[in-house]
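Sequential numbering from 1 along the given sequence is applied to the chain's residues.
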Amino acid sequence: MERILVAVDQLHPQHEAMAHACSLAKRIQARLYVLFVHKKACVITNPARQRLELLVGYARTEGIHVEYTILEGGYQESIIAFIQNNGITLFIHELERADMGQFERNFSVLQSVRHRISCRVEIVNSQKQLTQHHEADV
């Protein structure tokens, strides 16, 4: 059985990656792991965490098997340890291209993780980028 991971923190909301992972998990009946990583005590009212928990709840109502985990620590290190400890076979990561600085930081994180894991990695592009290009072409 495929074991899919989407990792989220306050800087990496991963909305498109989560939507893609839910769709894929439902289609192939995979197990979806959702990891929320925070550095300090994260209050339950954190907007990124609240939205993620709504998405997890919605996915479960759609019949998707979702395991939701909250870890405290660094984003990259938490992802790598989670993949290694849970037999993850596919890591889905979203790259936002809203601005070049953010894109380079996100790409750097992804490259750092890719070199230390053995599962497949799928990259999802943000829909915001596509919308912005489409609007610019009109």
Student: Say you draw a straight line from CG of L71 to OG1 of T69; how long is it, rounded to the nearest 0.5 Å?
Tutor: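 It is 6.5 Å, given to the nearest 0.5 Å.
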Student: Nearest 0.5 Å please: distance from the CG atom of N106 over to the CD atom of E94.
Tutor: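 Between atom CG of N106 and atom CD of E94 there are 8.5 Å.
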Student: When you group the ILVMFWY residues by side-chain heavy-atom contacts below 4.5 Å and let the links chain together, are V8 and Y58 in the same group?
Tutor: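 Different clusters.
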Student: Side chains of R60 and I64: closer than 4.5 Å at any heavy-atom pair?
Tutor: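 No; the side chains remain at least 4.5 Å from each other.
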Student: The criterion is side chain to side chain donor-acceptor pair (under 3.5 Å); which residues satisfy it with R116, sequence neighbours excluded?
Tutor: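 Scan of R116 (side chain to side chain donor-acceptor pair (under 3.5 Å), adjacent residues dropped) gives none.
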Student: Roughly how far apart are Q84 CD and I117 CD1, rounded to 0.5 Å?
Tutor: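 Between Q84 CD and I117 CD1, I get 8.5 Å after rounding to 0.5 Å.
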Student: Quick one: list whatever passes side-chain contact (heavy atoms from CB on, under 4.5 Å) with Q111, sequence neighbours left out.
Tutor: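 side-chain contact (heavy atoms from CB on, under 4.5 Å) check on Q111 returns F107, R114, H115.
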Student: By side chain to side chain donor-acceptor pair (under 3.5 Å), which residues pair with H15, not counting sequence neighbours?
Tutor: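 R51.
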Student: Can you give me the closest heavy-atom contact between L90 and I88, atom names plus distance?
Tutor: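 Nearest heavy atoms, L90 then I88: O-CG2, 3.4 Å.
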Student: After noting the C-alpha distance and the side-chain angles of V121 and L110, does the key distance pass the side-chain contact (heavy atoms from CB on, under 4.5 Å) rule?
Tutor: CA-CA 9 Å; V121 177; L110 179 61; 3.8 Å; yes
Student: Using residues 17-36 as the side-chain source, report each donor-acceptor pair under 3.5 Å to any protein atom, sequence neighbours left out, with the distance given to one decimal.
Tutor:
from, atom 1, to, atom 2, distance (Å)
H20, NE2, E122, OE2, 2.4
K26, NZ, E62, OE1, 2.8
R31, NH1, E67, OE2, 3.0
Y33, OH, R3, NH2, 2.6

Student: Between I92 and V124, is any pair of side-chain heavy atoms under 4.5 Å apart?
Tutor: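 Yes, close enough: below the 4.5 Å cut-off.
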Student: What donor-acceptor contacts under 3.5 angstrom involve side-chain atoms of residues 74-83, with partners at least two apart or in another chain?
Tutor:
from, atom 1, to, atom 2, distance (Å)
Y75, OH, A7, O, 2.9
Q76, OE1, S112, OG, 2.7
S78, OG, G74, O, 2.7

Student: Any chance you could measure C119, atom SG, to N86, atom CG, to the nearest 0.5 Å?
Tutor: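 Here the interatomic distance stands at 11.0 Å.
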Student: May I ask you to decide if F91's main-chain N or O and R120's side chain share a donor-acceptor pair within less than 3.5 Å?
Tutor: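 Checked: no pair found.
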